[in-house]
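Below: the structure, in structure tokens.
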Amino acid sequence: MDILKDLNDKQREAVETINGPVLILAGAGSGKTRVITYRIAHLNINYEVSPENILAVTFTNKAAKEMKDRILSLTRSDQFPWINTFHSTCVRVLRRYCTVLGFNRNFLIYDSSDQYNLIKSIIEEMRIDEKVISSESAQSFISSAKNSLKWPSDTKQAFNDYWSEKLVEIYSAYQKRLKKNNAMDFDDLLMYTVELLEENPDILSYYNDKWQYIMVDEYQDTNHAQYELVKLLAAKHKNLCVVGDDDQSIYRWRGADLSNILNFEKDFLHCLVIRLEQNYRSTKNILKAANSVVMNNISRKGKTLWTDNMEGEKIHYATLSSESEEALFICRKIKELCYSEKRQLNDFAIFYRTNAQSRVIEDMMRRESLPYDIFGGLRFYDRKEIKDIVAYLRIISNPKDDLSFERIINVPPRGIGPSMLDKIKNTAKKTGLSIYEAIKEFLKEVDSAGKAKPSKGEEGLAEFIKLLDWLTDLAERSSILEVTEKVLEETHYMENVIAKKTSREEVESRTENIREFLSSIEEFDRSSEDTSLKIFLDQISLITAVDKYDENVEKVTLMTIHNAKGLEFPVVFMSGMEEGIFPHSLSSVNEHEIEEERRLCYVGMTRAKERLFLTNTYRRRIYGIERINLPSRFIREIPAEFMEIDNGWPAEPDAYDRRIAENNYRAVRPGSSQFSRGSASSYPSFKTGNQRELTYESDNEFSRGTKVLHPFFGKGTVIDIKGEGEDTKVTVSFINAGVKKLSLKIANLQKL
DNA sequence: AACTAGGGAGTTTTT
DNA sequence: CTCCCTAGTT
């Protein structure tokens, strides 16, 4: 089978060069996923390389899944190469060899909020004033040290003031505690894997022989640790193919090191560099506009994307008077396009710079009855109730997890307050025991003291331990689902949620979340090969918001631009295009940060396939205060020839509902109630400043030659009329939009 | 020990 | 504006 015929010359070269290092500089929408998947298929089909000998590393689980799907359709083989994220690749290695590093096989993965909590408690224990060293600053210090593969001992010499010394101390204490808890944080996964491979040549050689062909996606986002890891893994065969785009590097703030891509040619001598510059995604207008923006960056490798696609619509730029008007404008445009271009809701995405901006848009989407899905913000598994239950599961899997103990020792309330917890923690600290063990010691002492009746807290502790022992035993022979159900039952978790004086809404959402959690366990049980608890816990630590994105669901997508990387949508709205928001005020201190913001803007713009809307407001409420922002500098960087000012409100708010009536189209909105069908009165009237009052022509006064104005298509002339009364259809030749056939009943035509 | 009210602070992006 | 933490009350 000749799969290479689907590729352009450059892509084919990239796919066919299977030996030696290859750097692919792939512009946005130039088919990089295609290249990687075809390369894997090519290796497999035409060179009979076994899937076991191929490693592909991606940035997100979603990208990995997409690749797996595409390879499946190419090779029809049921054997997959290992395609996964950096982090899960490391987990796989570490699960196998972590005992070499002194970890137990059932180590846990701490996510960033676990990391934060642990650091916070260390700072408290060290009696450091939070105002001098905040947990956040310590966290970012530790994380960036780890990103550059520096252990506490490596960071010592670099500083000598009080502040830096304390940071190193915190780092050192933190690392000890992680090990004591038998846990690793995200950065550890990389750092320990690198250490393992560096110090154990036999293990390295095992993986070198196993993974003979390595591919890395989104290479521009790799940090130093990931770079070293890749270098180690590719050391023997050097069949390394990395794909990246320096213009899409948007994670430098968390350690992504652009020099990994800029210096690839020096690090891997005699490498082949291939540029993919043909874009298959966007219209000429969108692509040229995006190019003109990113061209303002000085530090870039430089490439010029081109496309054979249509010219397309110009980019629409609209300035609204407030953030809720901006949201309303977007909603109305979406409805208009659903009607005028027969688009579906999953054609649309609304991007914003910060999560805080989503709220106003969400509110308006609900008011306008537009179903939407929002990504990012609080991760599902970060919700209180989920974290609580997961904490029980974690302890069952790894009784050394003191962090989870602290979390749930008094959830539900067992009469164990801070003073008793302190006592236990002190015992644990003195004896070096885990909290679990320390509680058992503590209870023994209470027992031998022979008091007539134990205190409420002591009773609670004994009950707690009894429960955990019982659950641990249960977990040996039962499924995760059963154990979780027992946790909920025995802790009376739901009763406690209801008993708290929380709003009905909150009770509902928590109940809903717990239900969703249970069904995610079922899903895991069904789809995973290994249904052990530790694999489940790994999975929920490493899953992210975007991973649940499903392009087939008929809903509008709301997400930050960061989350949009790697995705594409026919119609994209970028909101809040204002100085101070985008570029963000905190990112405006130096040119490097501005350049990163500009790349972010480039990423956002190049997600759009057919239409791109940029919106901003004249004034906006931020934290309760009205602010007047200037238009974003990125707007000014788009030449006028690719952009037009869109000051026309889509003046037909019920067009969307009519389409629903026409197509008998039904959709479900987030509140799960059905759409109201067909009536314009279901729209509350808004004061929208420059919106015209809507009038519907009932009498038929149109004839051939009548000049008309359409709210969306603009000015035109009637060239034909058919039918009568309600069924009248007119054919209009519009100046800018060409010839359209319209139903007089539906189109809001005005006589001029 | 548990709950409540009130003040203060902090607001980017997340594998 | 909203969340989170603290201090004070029951």
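All values below come from the heavy atoms of this structure, side chains included, with hydrogens, waters and symmetry mates left out. Numbers restart at 1 for each chain; the letters A, B, ... are given by sequence-line order, proteins then strands.
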*For DNA chain B, which residues in residues 80-91 of chain A have a heavy atom at a distance below 4.0 Å?*
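Here the set is H87(A).
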*So which of residues 217-225 of chain A are in contact with DNA chain B, with a heavy-atom cut-off of under 4.0 Å?*
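Close to the strand, none.
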*dT13(B) base / R353(A) side chain donor-acceptor hit below 3.5 Å*: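 Indeed, a donor on one side and an acceptor on the other fall under 3.5 Å apart.
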*asked:* Using a 4.0 Å heavy-atom cut-off, does R359(A) contact any base of the nucleic acid, only the sugar-phosphate backbone, or nothing at all?
replied: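 Sugar-phosphate contact only - R359(A) comes under 4.0 Å of backbone atoms but never of a base.
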*At under 4.0 Å between heavy atoms, what does S587(A) touch on the DNA or RNA strands: base, sugar-phosphate, or nothing?*
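Counting heavy atoms under 4.0 Å across all strands, the contact made by S587(A) includes a base.
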*Residue pairs, two or more places apart or on separate chains, that pass salt bridge (Lys or Arg N to Asp or Glu O under 4.0 Å) and touch residues 577-590 of chain A*: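 Residue pairs with at least one partner in residues 577-590 of chain A: E578(A)-R620(A), E579(A)-R633(A).
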*Per-nucleotide pairing state of DNA chain B [Watson-Crick or G-U, under 3.5 Å; [ ] pseudoknot-crossing; | other strand]*: ||||||||||.....
*Hey, which of V57(A), V216(A), L197(A) is the one that makes side-chain contact (heavy atoms from CB on, under 4.5 Å) with L229(A)?*
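Single side-chain contact (heavy atoms from CB on, under 4.5 Å) partner of L229(A) among V57(A), V216(A), L197(A): L197(A).
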*Using ring-ring contact (aromatic ring centres under 6.0 Å, His included) as the criterion, list what pairs up with Y381(A), not counting sequence neighbours.*
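Residues passing ring-ring contact (aromatic ring centres under 6.0 Å, His included) with Y381(A): none at all.
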*For F536(A), what residues pass the ring-ring contact (aromatic ring centres under 6.0 Å, His included) criterion, not counting sequence neighbours?*
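Expected list: F524(A).
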Out of [options], which nucleotide sits closest to the side chain of [X]?
{"X": "T354(A)", "options": "dT15(B), dA2(B), dT13(B)", "value": "dT13(B)"}
{"X": "F186(A)", "options": "dT13(B), dT12(B), dT15(B)", "value": "dT15(B)"}
{"X": "H562(A)", "options": "dT13(B), dA2(B), dT12(B)", "value": "dT13(B)"}

Nearest whole Å is fine: how far is [N] [atom2] from [X] [atom1]?
{"X": "E596(A)", "N": "dT14(B)", "atom1": "CD", "atom2": "P", "answer": "13 Å"}
{"X": "Q115(A)", "N": "dT15(B)", "atom1": "CD", "atom2": "C1'", "answer": "12 Å"}
{"X": "E136(A)", "N": "dT11(B)", "atom1": "CD", "atom2": "P", "answer": "7 Å"}

Table of protein N/O atoms under 3.5 Å from nucleotides 5-7 of chain C N/O atoms:
none

*P atoms of dC4(C) and dT13(B), separation to the nearest Å*: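 Each nucleotide's P atom is 15 Å from the other's.
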*Relative to the ring of F582(A), is the ring of F634(A) parallel (under 30°), tilted (30 to 60°) or perpendicular (over 60°)?*
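Ring orientation of F634(A) relative to F582(A): perpendicular.
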For a quick test of your reading: what N or O donor-acceptor pairs under 3.5 Å do the side chains of residues 118-125 of chain A make, sequence neighbours left out?
residue	atom	partner	partner atom	Å
S121(A)	OG	L118(A)	O	3.1
E125(A)	OE1	R177(A)	NH1	3.2
E125(A)	OE2	R177(A)	NH1	3.3

_Contacts of S585(A) that satisfy side-chain hydrogen bond (donor to acceptor under 3.5 Å, both in side chains) - sequence neighbours left out_ =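 Expected list: none.
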_Restricting to side-chain hydrogen bond (donor to acceptor under 3.5 Å, both in side chains), what partner residues turn up for E323(A), sequence neighbours left out?_
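Expected list: none.
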Would you be so kind as to tabulate the donor-acceptor pairs closer than 3.5 Å made by side chains of residues 405-412 of chain A, with sequence neighbours excluded?
residue	atom	partner	partner atom	Å
E406(A)	OE1	K425(A)	NZ	3.4
R407(A)	NE	D388(A)	OD1	2.8
R407(A)	NH2	K384(A)	O	3.4
R407(A)	NH2	D388(A)	OD1	3.3
N410(A)	OD1	R414(A)	N	2.6
N410(A)	OD1	G415(A)	N	3.4
N410(A)	OD1	I416(A)	N	3.2
N410(A)	ND2	I416(A)	O	3.0

*May I ask you to verify if any side-chain N or O of T560(A) is less than 4.0 angstrom from the OP1 or OP2 atom of dT14(B)?*
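Yes.
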*Counting just side-chain N and O atoms, does N355(A) come under 4.0 Å of either OP1 or OP2 of dT13(B)?*
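For dT13(B), OP1 or OP2 has a side-chain N or O of N355(A) closer than 4.0 Å.
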*Only counting residues at least two apart or in another chain, list the ones meeting side-chain contact (heavy atoms from CB on, under 4.5 Å) with H224(A).*
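In terms of side-chain contact (heavy atoms from CB on, under 4.5 Å), with neighbours along the sequence ignored, H224(A) is linked to L149(A), Y227(A), E228(A).
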_Assuming nearest nucleotide by heavy-atom distance, tell me which of E593(A) and S419(A) is located more 5' along DNA chain B._
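The residue closer to the strand's 5' end, by nearest nucleotide, is S419(A).
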*Does R359(A) pair with E362(A) as a salt bridge, N-O distance under 4.0 Å?*
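No, no charged N to carboxylate O under 4.0 Å.
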*What do you reckon, do W253(A) and the base of dT13(B) stack, with centroid distance below 5.5 Å and planes below 30°?*
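W253(A) vs dT13(B): stacking yes.
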